[in-house]
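Report on the structure given below.
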Amino acid sequence: PAFGLFIFTIARDPLRIIILIAGAFFWLVSLLLSSLIWFIAVKASDPQDERLQKGLLIFGVMFSVLLQEAFRFLYYKLLRKAIEGLVALSEDGCSPISIQQMAYVAGVGFGLMSGAFSMINLLADALGPGTVGIHGDSQLYFLTSAFMTMVLIFLHTFWGIIFFHGCEHRRWWEIAAVIIMHLTVSGLSFCNPLYVGSLVPSYLLMAAAAAWAYLLSGGSAQNLRRFLLCKC
Amino acid sequence: MITFMNNSDSEEEPCNERTSLMSAESPPVPSYQDGLQASEAGEAQAHRKRRAGSSRGPNNIAGGETSGSFVPVRECILENEEEELTLKYGAKHVIMLFVPVTLCMIVVVATIKSVRFYTEKNGQLIYTPFSEDTPSVGQRLLNSVLNTIVMISVIIVMTVFLVLLYKYRCYKFIHGWLILSSLMLLFLFTYIYLGEVLKTYNVAMDYPTLFIVIWNFGAVGMICIHWKGPLQLQQAYLIMISALMALVFIKYLPEWSAWVILGAISIYDLMAVLCPKGPLRMLVETAQERNEPIFPALIYSSAMMWTVGMAKPDTAARGSSQQTWDAAEDGREHLRSHSHAESQMSEMRSPVPTHPVTSLEELEEEERGVKLGLGDFIFYSVLVGKAAATASGDWNTTLACFVAILIGLCLTLLLLAVFKKALPALPISITFGLIFYFSTDNLVRPFMDTLASHQLYI
C-alpha cells in the first residue's frame with residue numbers, strides 16, 4: 001500500500017520525489033546516529049548479561065524514537081527554508097508546493113525508509129528455503145511483520161502531517177502527542193510475540209492518527225461523504 | 001592501446017574520465033553571455049534566494065526582438081525570466097538524472113544478486129597488479145593503496161593523453177578510439193553478460209540465435225550512440241554500457257582496493273576539475289574556446305539537441321521524447337554549453353538554436369537538459385554493487401548507499417545551480433555513499449538484526 005501511495009501521489013511531481021528522498025535520508029541519518037549510540041553502549045557493557053542487553057536494547061529503541069522525531073523537526077526546518085526559496089523564485093508569488101503536501105511527502109519518506117529497513121531483509125530471506133517458527137517462535141512471524149511494517153509506514157505518514165501542522169501553528173501539544181504516540185507504538189512492539197498486544201493497539205492508534213491528520217488537512221465528514229458518493 | 005589487458009580495455013580510460021558535473025558555459029558570442037549564465041542555472045530545491053527581476057511572460061521579450069541577426073539578443077529581463085523557467089524545470093532535471101542513475105543501479109544490483117559470476121574472484125585487472133590475498137592486514141592495506149596508485153596514475157596518463165590529442169585536434173584518432181572501445185563494450189561484454197545470465201537461469205540458447213541477438217544489439221547500439229537515434233534508445237544504451245562496465249569493475253577489483261579507488265577517484269575528480277591546471281578543466285576550456293560539441297559516446301544527456309531546421313522547440317512539458325541527438329550535425333550547432341567528452345562533466349545546458357534566425361519565443365520554451373558523464377554512472381553503480389555484493393548479503397546497506405548517492409547527486413546539482421560552472425559529480429555522492437556503507441554495515445546492521453530478532457519496531 002505504501003508503494004501504491006508513492007506511485008499515485010508522489011511520482012508525478014519531481015519536487016515531491018526529491019522531498020521524499022531527502023526525508024528518507026534524514027530518517028537514515030537518525031537511524032545511523034541512534035545505532036551508533038546503541039553500539040557504543042553495547043560495546044561498553046557486558047555481553048553476557050541478558051537483562052542488561054535487553055535493557056540496553058529498550059534504551060536504544062527509545063533513544064532512536066526520540067532521535068527520529070528530532071530529525072523530523074530538523075527536516076521541517078529545512079523545508080521551511082526551502083519553501084521560502086521556492087516562493088521567492090516562483091513566478092506568481094506562491095510556492096509550487098504547500099507545506100501540507102511537504103508534510104505528507106516527508107511523512108511518506110520517513111515511513112518508506114523505516115518500512116524498507118524493517119522488511120527488506122525479511123523479504124529476502126522469505127524467498128529462500130526454510131520454515132517459519134521452527135524453533136518454537138510464532139508461525140505468524142512474516143505476516144505480523146508485514147502488518148506491523150505497514151501500520152508503521154502509515155503512522156509515519158500521519159505523524160508527519162500532524163507534526164508539521166503542530167510546528168506551523170506552534171501547537172506544542174500536537175508535537176508532544178506525536179512523540180508520545182511513537183514511543184507508545186514502539187513500546188507496544190515489545191509485547192511481541194504476544195501479537196494481540198502490539199498489533200491491535202497499533203492499528204487503533206493508526207486509525208486515530210489518520211482521522212486526526214485528515215481533520216487537520218482540512219477534511220471533514222462531509223468531504224468524505226461527497227467523495228465516496230461522487231465516485232459511485 | 002594494444003597493451004591493455006583484454007578485459008579492461010581502452011574503453012576503461014575514457015570511461016573513467018567522465019565523472020563530473022559541469023554547468024553550461026557560455027559560447028564565444030558575447031551577447032550570449034548573460035542569457036547563458038542565467039539560463040543554465042536551475043535547481044530543484046531552489047535554495048538560491050536570488051529574486052528574479054521581472055516576471056513578465058515570454059511575449060514581451062519576444063516582441064522586442066526581431067533579430068534576423070546571427071545572434072539573438074537577450075535582455076536582462078530575459079535572463080531573469082530564463083532563471084525562473086529553469087528553476088521551475090530544475091526539479092525535473094534532477095529527476096531526469098535520478099531515473100537513469102536508479103535504473104543503472106537496479107540493473108547492477110539485480111545482476112550481482114542473481115548471477116554468481118560477478119562475485120567470484122577470477123583474477124585481477126592489469127591495472128591492479130597487487131594481490132590482496134595476503135594474510136596480514138597491513139600488507140593488504142599496502143597492496144590496496146599501491147593498486148590505487150597504479151590505477152589513478154593510469155587514469156591521469158590517459159586523461160593527459162586525451163587532452164593533448166584534443167588540443168592538437170587529432171579528432172580522427174579520438175573518434176576511432178571511442179568507436180573501438182564502444183564496439184568492444186557492446187559486443188564482447190554483452191556476450192559475456194548474456195552468457196552468464198543464461199547460465200544462471202539455465203536457459204539454453206544456440207549460437208546462431210546468440211549471434212543474431214548480439215549482432216543486432218551491438219549494431220543498433222553503435223548507431224545510436226555515435227550517430228543518430230531516438231533519445232530514449234540512446235539513453236537506454238548508455239545505461240546498459242555503464243552497467244556492464246560497472247559489473248566488470250566489481251568483478252575484477254579486489255575488495256579493499258575497490259573502496260580505496262573509489263575514494264581516490266573522487267579526490268582526483270575534485271582536483272582535476274577544479275584546479276586551474278587540472279587536465280579536465282583544460283579540456284573544458286579548450287572545448288569552450290572552440291565552441292565544439294561533446295563526444296556523444298561518453299556523456300549521458302537527458303534532453304535533446306535541436307537538429308538543424310527545427311522550427312519549433314519542444315516545450316518542457318513534452319519532455320525529451322522524440323528528438324534526436326544529432327551528433328553528426330554538431331559542427332553546425334552552437335552549443336551553449338561545452339564539456340569535453342572525456343572530461344568528467346555534466347552540465348545544465350539549454351539546447352542551442354541552430355538556425356540563426358531563431359526567434360525568441362522559441363528560445364523561451366527551450367527544453368533544458370542536464371548532462372552527466374558516463375563515468376559517474378559507472379562509479380555510482382560500482383559503489384552500490386559492491387555494497388550489494390559484499391555487505392553480508394544485507395539489503396539495508398544497499399538501500400542506504402542508494403539513498404546516499406541520490407542525495408549526493410541532488411546536492412551536486414544544487415551546487416551546480418549556485419556556481420554555474422563545471423563541477424565534479426563524484427565527490428559528494430561517493431563520500432556520502434562510502435560513509436553510509438561503512439556505517440550501515442558496521443553500526444546499523446547489528447542494531448537492526450537485534451531488533452528484528454525480537455521483532456521490535458522503532
Side-chain angles (χ1 to χ4, degrees), chain A residues 13-19 21-22 24-25 28-29 31-32 34-36 38-39 42 53-54 57-58 60-62 64-65 68 81-82 84-86 88-93 96 113-114 116-118 120-124 138 141 144-145 148-149 152 182 185-186 188-190 192-193 198 202, chain B residues 43-52 55-57 81 83-96 98-99 113 393-396 398-400 402-404 406-411 413 432 435-436 439-440 442-458:
Chain A
D13 187 4
L15 200 53
R16 295 187 201 169
I17 298 186
I18 295 172
I19 300 182
I21 304 273
F25 180 69
L28 201 59
V29 175
L31 179 67
L32 203 69
S34 49
S35 56
L36 177 67
W38 179 80
F39 192 73
V42 164
Q53 294 299 317
K54 193 95 200 281
L57 200 60
I58 296 180
V61 168
M62 295 297 154
S64 169
V65 167
Q68 279 180 40
K81 290 222 192 94
E84 285 162 27
L86 280 174
L89 287 154
S90 78
E91 281 183 348
D92 43 4
M113 205 56 189
S114 96
F117 262 66
S118 311
I120 256 196
N121 280 336
L122 225 55
L123 287 173
S138 156
Y141 188 72
T144 47
S145 299
M148 194 70 193
T149 312
L152 207 59
H182 198 164
V185 170
S186 290
L188 282 175
S189 66
F190 285 122
N192 284 336
S198 66
S202 307
Chain B
E43 174 38 44
Q45 301 251 330
H47 286 288
R48 302 181 337 181
K49 308 285 188 197
R50 283 158 60 187
R51 195 158 182 120
S55 46
R56 268 167 296 140
E81 191 56 40
E83 250 178 52
E84 290 177 346
L85 283 174
T86 17
L87 271 169
K88 258 184 166 178
Y89 305 140
K92 204 161 181 225
H93 299 311
V94 179
I95 301 303
M96 286 205 274
F98 268 11
V99 172
K113 286 285 183 188
D394 192 27
W395 284 85
N396 283 345
T398 316
L399 201 57
F402 169 69
V403 172
L406 284 186
I407 293 289
L409 196 61
C410 246
L411 284 175
L413 284 172
F432 275 0
I435 294 178
F436 271 83
S439 47
T440 314
N442 297 326
L443 296 176
V444 178
R445 196 169 42 87
F447 189 43
M448 292 307 290
D449 283 344
T450 330
L451 283 184
S453 62
H454 294 279
Q455 220 176 6
L456 300 174
Y457 285 88
I458 56 166

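Quick note on labels: first sequence line is chain A, next is B, and so on, each numbered from 1. What's counted below: heavy atoms across the whole structure, side chains too, no hydrogens, waters or symmetry copies.
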Query raised in the report: Is any side-chain heavy atom of B:C410 closer than 4.5 Å to a side-chain heavy atom of A:I18?
Result: yes

In Å and rounded to the nearest 0.5 Å, what is the [atom1] to [atom2] distance from [X] to [Y]?
X	Y	atom1	atom2	answer
B:L406	A:F25	CG	CZ	11.0 Å
A:L36	B:S439	CG	OG	9.0 Å
B:I407	A:L28	CD1	CG	9.5 Å

**Report entry** B:L443 to A:S35 - nearest heavy-atom pair and separation
**Finding:** O-CB, 3.7 Å

Query raised in the report: So B:N442 and A:F39, side chain to side chain contact (heavy atoms under 4.5 Å, CB included) or not? Walk me through it.
Result: CA-CA 9 Å; B:N442 297 326; A:F39 192 73; 5.7 Å; no

